[in-house]
Amino acid sequence: MCGTAGLVVVVAGLLGRDDIAEVAGRAGPVLAFLLAVTVVAELADAAGVFDAAARLAARVGRGRTWLLWLLVVALGTLATVVLSLDTTAVLLTPVVLALAAQLRLDPLPFAVTTVWLANTASLLLPVSNLTNLIALDTLGDFGVRGTVGFTSLSWAPFLAGLLGAVLVLGLTYRRRLRGRYDAPPPSPGRDPVLFRTSAVVCLLLAPAFVSGVTPAVPATVAAVVLVVVFAVRRREALSVKLLPWQTVVLVSGLFLVVEAAQVHGLEDLLRPLGGTGEGFADHLQLAGTAALTANVADNLPAYLAVEPLAGSAHRLLAVLIGVNLGPLVTPWASLATLLWLDRCRARGVAISLPRFAALGLVGALVCVPLAVAALQLTR
């Protein structure tokens with residue numbers, strides 16, 4: 001639908017050539033990264049990397065449910081930070097739910113934890129969320145350049161928001177996380193070459209993403225390496241279905257639609273809501289506006305709509321806090337949440353949307369202010 005709307009925007013002449021060129025310049029590197037990292041994540045999953053990590057967590061947990069939950073928190077955080085929130089939602093969710101079923105544990109705490117981490121842990125690196133990648137160029141205009149510059153601003157809000165999420169979830173599910181579980185069943189047989197290569201590639205991506213190189217470059221190299229290895233060892237796993245074409249069309253359409261709305265006065269409508277100052281209350285107002293917009297219209301268009309209200313690096317981080325940590329209330333607030341919900345339903349895990357929204361509202365009201373307060377430490 002958004003892809004069609006983007007096409008209508010172009011055909012109707014709502015954007016000039018310069019506007020379309022600007023959209024292409026911003027969207028190109030983001031879409032290239034999205035394509036490459038999705039291939040990496042899908043092939044790593046096919047090689048058994050995520051399943052092995054979950055089973056390792058179960059063994060390390062030594063039968064204690066609360067410790068296993070903390071290890072899933074760590075695994076979800078790592079997957080989100082390095083491979084993006086959509087990877088956590090799409091690939092880690094079914095692995096964690098299958099593990100909970102095998103261990104005869106209540107799947108709900110693990111399911112909700114996975115989607116919360118997909119959102120709240122997506123602030124640390126540019127590659128953790130498409131919104132961060134889009135913000136990278138704008139931060140450069142404010143004198144904050146590259147992954148190191150981004151992380152110098154984001155580390156404190158990231159830790160604060162993550163801590164808030166873990167505390168809220170831990171208190172909410174504390175009774176369900178009591179008790180013990182038996183050892184997990186033996187892992188299925190895996191191709192050792194595919195497994196080891198995929199694991200090493202995933203581990204190397206983290207330092208590659210913070211090296212200062214454009215994130216699409218190491219992601220593309222990693223994707224090429226895995227495609228070559230799979231072509232030799234398991235050719236049938238390679239398919240055009242690995243490429244997230246629907247998401248690419250969706251994101252492209254969103255870029256065009258929001259750019260057209262900006263050209264025709266959207267910024268003037270939103271500016272009174274965003275404030276202008278640099279204090280805690282000002283940043284919280286801007287983050288709250290971004291979070292509210294995300295829960296109404298999805299976090300990616302929300303970021304594109306609210307970004308012009310920033311005007312400084314710290315205010316832009318406040319926008320990212322809102323659109324990354326705030327989309328916990330409505331299922332359409334982020335694409336990752338919609339993908340997660342589909343995976344839960346496919347596994348037969350019932351999600352009460354009113355309860356999900358109520359808990360998400362509490363989470364947003366805790367995580368966003370904590371992250372904004374931590375942002376003041378980087379000033």
Side-chain angles (χ1 to χ4, degrees), residues 73 77 80-81 85 116-171 210 267 270-295 299 302-329 333-334 360-379:
V73 168
T77 300
T80 300
V81 167
L85 74 169
W116 270 42
L117 291 173
N119 289 289
T120 59
S122 68
L123 191 63
L124 183 61
L125 298 180
V127 299
S128 306
N129 198 321
L130 290 184
T131 56
N132 303 351
L133 277 177
I134 300 169
L136 206 55
D137 286 340
T138 305
L139 281 171
D141 296 338
F142 299 136
V144 178
R145 293 181 172 82
T147 300
V148 174
F150 184 97
T151 308
S152 69
L153 292 178
S154 67
W155 69 270
F158 161 77
L159 289 176
L162 180 61
L163 177 61
V166 172
L167 287 175
V168 171
L169 290 171
L171 290 173
V210 299
E267 181 180 346
L270 292 177
R271 187 163 295 282
L273 301 176
T276 57
E278 292 286 358
F280 170 75
D282 302 300
H283 286 171
L284 185 59
Q285 179 182 352
L286 183 57
T289 299
L292 179 62
T293 306
N295 280 287
N299 66 338
Y303 172 79
L304 294 171
V306 180
E307 181 196 60
L309 308 183
S312 72
H314 286 86
R315 283 179 59 83
L316 189 60
L317 252 294
V319 175
L320 289 175
I321 289 171
V323 299
N324 288 18
L325 277 66
L328 299 176
V329 183
S334 75
L361 180 60
V362 174
L365 291 174
V366 170
C367 295
V368 172
L370 279 176
V372 171
L375 178 61
Q376 305 302 306
L377 299 176
T378 64
R379 294 183 61 193

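Starting from 1, each residue takes its place in the sequence as its number.
- The main-chain N or O of S122 is never found under 3.5 Å from a side-chain atom of S128 such that the two would form a donor-acceptor pair.
- For S334, the side chain to side chain donor-acceptor pair (under 3.5 Å) test picks out N119, T337, with sequence neighbours left out.
- Among L320, T378, L123, the one residue that satisfies the side chain to side chain contact (heavy atoms under 4.5 Å, CB included) test with L153 is T378.
- For the residue pair A305 and P308, the shortest heavy atom distance occurs at O-CD, 3.4 Å.
- Using modelled atom types, no side-chain atom of R145 and backbone atom of D137 make a donor-acceptor pair closer than 3.5 Å.
- When all heavy atoms are compared, the tightest approach of V323 to A294 is CA-CB, 4.4 Å.
- Closest non-hydrogen pair, V319 versus V306, comes out as CG2-CG1, 4.0 Å.
- When all heavy atoms are compared, the tightest approach of P327 to A333 is CB-CB, 3.4 Å.
- Inspection of the H283 and E278 side chains reveals an N or O donor paired with an N or O acceptor under 3.5 Å.
- Two residues are said to be in side-chain contact when any heavy atoms from C-beta on lie closer than 4.5 Å; N132 and V127 fail this criterion.
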Test side-chain hydrogen bond (donor to acceptor under 3.5 Å, both in side chains) on T131 and N299 and set out the steps. CA-CA 8 Å; T131 56; N299 66 338; 5.1 Å; no
For residues 362-370, which side-chain N or O atoms pair as donor and acceptor with protein atoms under 3.5 Å away, sequence neighbours left out?
none

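- Formation of a donor-acceptor pair under 3.5 Å by the N295 side chain with backbone atoms of G326 is found in this model.
- Side-chain contact between F158 and T77: present, with at least one pair of heavy atoms (C-beta onward) separated by less than 4.5 Å.
- Contact detail for W116 and G360: the closest heavy-atom pair is CZ2-CA, 3.8 Å.
- Panel note: side chain N324, backbone I321; no donor-acceptor pair is recorded below 3.5 Å.
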